[in-house]
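Order of the sequence lines sets the chain letters (A, B, ...), proteins ahead of strands, with each chain counted from 1.
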Number of protein chains: 2
Amino acid sequence: MNSIDWDQALRGLGKKSTPQRKALLTALALQDKPASVEDIFVEVRDHHKTSLSTVYRNLEWLFAQGLINKQGFPGEKARYSLKREHHEHTLVCIDCQKIVAITGCPLDSYAAEVGRRENFVVVDHRMEMYGYCQQCSHTRGRV
Amino acid sequence: MNSIDWDQALRGLGKKSTPQRKALLTALALQDKPASVEDIFVEVRDHHKTSLSTVYRNLEWLFAQGLINKQGFPGEKARYSLKREHHEHTLVCIDCQKIVAITGCPLDSYAAEVGRRENFVVVDHRMEMYGYCQQCSHTRGRV
DNA sequence: ATAAGAATAGGAATGATTTGCATTTATTAT
DNA sequence: ATAATAAATGCAAATCATTCCTATTCTTAT
């Protein structure tokens with residue numbers, strides 16, 4: 001929302017607070033759905049001189065910190081989104097790419113069970129659902 | 001298991017039954033976990049002259065047909081696996097990349113519920129769990 | 001204000017995947 | 001069986017997202 005928050009957040013993580021980083025975080029906060037690197041780059045560049053490599057580097061770092069989500073198939077462009085307070089997954093329309101956030105993930109207890117069974121310390125999971133949104137179902141003659 | 005099955009399957013789908021395709025399907029059937037294109041290529045090449053592009057082309061086609069799974073993050077190499085009778089997901093070790101197949105997915109009824117709530121026709125989902133396998137947990141001093 | 005280290009911009013490099021095309025092969029009709 | 005023909009293959013070149021390199025510019029602590 002404002003750059004002061006980002007300043008503090010970045011310093012707290014031992015990183016310098018650069019205009020590019022703040023603009024990047026602001027750009028992410030503006031998105032209502034996972035955005036491609038290109039989208040984010042364009043958004044950041046509207047406010048500050050920047051380069052694609054800077055955007056990539058910072059996104060990757062934010063992802064490693066667990067502050068943002070990264071999703072997509074291999075061979076596709078990655079899409080990033082800020083992590084919300086509540087653990088969230090997405091529902092993606094196969095036709096129009098519309099993305100809806102879904103809440104209420106049933107996987108945590110399952111993760112614990114699987115970890116026990118397989119002798120893993122399960123620390124995270126990724127889940128995405130695919131289908132057709134209402135409009136696209138109609139267009140394609142689906143119910 | 002045998003090439004006769006693949007012959008029939010391929011013809012039924014309107015495709016020519018080539019040695020490369022049969023070897024590819026056999027290679028996939030041999031894997032007990034999702035394999036990289038490179039792995040599959042090497043396996044196929046043990047039995048027939050082939051090329052990476054042929055492997056790529058056929059894997060992509062099989063995936064489009066819904067006969068195999070494709071998984072991995074963007075920026076990672078894709079991994080493919082034959083679809084089994086039982087819906088399957090994977091558990092991946094963050095350190096050593098060991099992959100374990102896990103069965104018993106609790107997401108189907110959840111998918112139906114989400115679809116109803118969001119007015120989507122949910123047709124598929126992807127889910128992968130991440131953690132540390134027993135060895136790597138020890139190495140890293142984790143419990 | 002300055003020094004020291006971190007971060008950036010820009011471009012080159014990488015590497016998985018895709019594509020173009022000439023050749024080979026599996027199918028179908030003869 | 002053979003020839004015709006459309007599809008599939010192999011190889012090399014192209015693509016394209018992402019990563020890497022490094023000289024220069026900023027941030028921050030002093």
Side-chain angles (χ1 to χ4, degrees), chain A residues 3-4 6-27 34-65 68-80 97, chain B residues 3-4 6-27 34-65 68-80 97:
Chain A
S3 44
I4 294 172
W6 301 138
D7 277 338
Q8 297 179 335
L10 287 166
R11 296 225 192 79
L13 291 162
K15 287 285 163 181
K16 293 190 175 172
S17 177
T18 63
Q20 290 83 353
R21 281 186 179 145
K22 288 183 281 187
L24 176 63
L25 285 159
T26 302
S36 70
V37 175
E38 188 69 22
D39 292 341
I40 296 168
F41 169 65
V42 167
E43 179 68 29
V44 172
R45 197 187 43 188
D46 279 353
H47 302 285
H48 292 279
K49 185 174 201 302
T50 192
S51 69
L52 217 35
S53 46
T54 295
V55 172
Y56 269 107
R57 247 182 289 117
N58 283 311
L59 284 173
E60 208 47 45
W61 176 75
L62 288 166
F63 176 63
Q65 294 301 305
I68 63 177
N69 304 302
K70 176 180 184 177
Q71 67 177 232
F73 280 89
E76 283 181 357
K77 294 192 267 190
R79 296 192 306 280
Y80 294 89
Q97 305 296 313
Chain B
S3 43
I4 293 174
W6 301 136
D7 278 337
Q8 297 179 334
L10 288 166
R11 297 227 188 78
L13 291 161
K15 288 284 165 185
K16 291 187 177 174
S17 176
T18 64
Q20 288 84 353
R21 281 186 179 145
K22 288 183 280 186
L24 175 63
L25 286 160
T26 302
S36 70
V37 175
E38 188 69 22
D39 292 341
I40 296 167
F41 170 64
V42 167
E43 179 68 31
V44 171
R45 198 187 43 189
D46 280 354
H47 301 286
H48 292 279
K49 185 177 201 299
T50 193
S51 69
L52 217 36
S53 46
T54 295
V55 172
Y56 269 107
R57 260 188 304 242
N58 284 310
L59 283 173
E60 208 47 45
W61 175 76
L62 288 166
F63 176 62
Q65 294 300 305
I68 63 177
N69 304 303
K70 176 181 185 176
Q71 68 178 231
F73 280 90
E76 284 182 354
K77 294 192 268 188
R79 297 191 306 278
Y80 295 89
Q97 306 297 314

Check: Could you state the interatomic distance from CG (B:L62) to CG (B:L10), rounded to the nearest 0.5 Å?
Finding: 7.5 Å

Item checked: Closest heavy-atom pair and its distance - A:K70, B:F73 -> O-CE2, 4.2 Å

Note to self: If I take atom OH in residue A:Y80 and atom P in nucleotide D:dT18, what distance separates them, rounded to the nearest angstrom?
What the structure shows: 6 Å

Notebook entry, point to check: Do A:W61 and A:L13 have side chains that get closer than 4.5 Å, going by heavy atoms?
Noted result: yes

Item checked: Those residues of residues 70-77 of chain A lying under 4.0 Å from DNA chain C by at least one heavy atom -> none

Next item on the list: Applying side chain to side chain contact (heavy atoms under 4.5 Å, CB included), name anything that partners A:Y56, two or more places apart in sequence or on another chain.
Entry: A:V37, A:L52

Next item on the list: With DNA chain C as reference, determine whether B:E60 or A:K49 sits nearer its 5' end, using the nearest nucleotide of each.
Entry: A:K49

Item checked: Contact nearer the 5' end of DNA chain D, comparing A:V37 with A:K15 -> A:V37

Item checked: Proximity to DNA chain D (any heavy atom under 4.0 Å), residues of residues 50-59 of chain A only -> A:S53, A:Y56

What nitrogen or oxygen pairs link the protein and nucleotides 24-27 of chain D at under 3.5 Å?
{"residue": "D:dT27", "atom": "O2", "partner": "A:K16", "partner atom": "NZ", "Å": "3.1"}

Note to self: With heavy-atom distances below 4.5 Å as the criterion, would you say the side chains of A:R45 and A:V42 are in contact?
What the structure shows: yes

Margin query: Main chain of A:K16, side chain of A:R21: is a donor-acceptor contact present, judged purely on distance under 3.5 Å?
Written below: yes

Notebook entry, point to check: How would you give the extent of chain B contacts on DNA chain C, as first and last nucleotide 5' to 3' within a 4.0 Å heavy-atom cut-off?
Noted result: C:dA16 to C:dT27

Item checked: Distance-minimising heavy-atom pair for B:G72 and B:R79 -> CA-NH1, 4.4 Å

Note to self: Roughly what angle, to 10°, lies between the helix axis at the start of the helix from C:dA1-D:dT30 to C:dT30-D:dA1 and the one at its end, five pairs per end?
What the structure shows: 40°

Check: Where do A:A27 and A:V44 come nearest, in terms of heavy atoms and distance?
Finding: CB-CG2, 4.0 Å

Check: For B:I40 and B:Y80, which heavy atoms make the closest approach, and how far apart are they?
Finding: CD1-CB, 4.2 Å

Check: Atom CZ of A:R79 to atom P of D:dA17: distance rounded to whole Å?
Finding: 14 Å

Check: Taking B:Q20 for the side chain and B:K49 for the main chain, is one N or O donor matched with an acceptor at less than 3.5 Å?
Finding: yes

Next item on the list: Indicate yes or no: at least one non-hydrogen side-chain atom of B:T18 is less than 4.5 angstrom from one of B:T54.
Entry: no

Item checked: For B:N69 against B:F63, the heavy-atom pair lying closest together -> C-CD1, 4.2 Å

Check: Can you name the nearest heavy-atom pair linking B:Q71 to A:P74, along with the distance?
Finding: O-CG, 3.6 Å

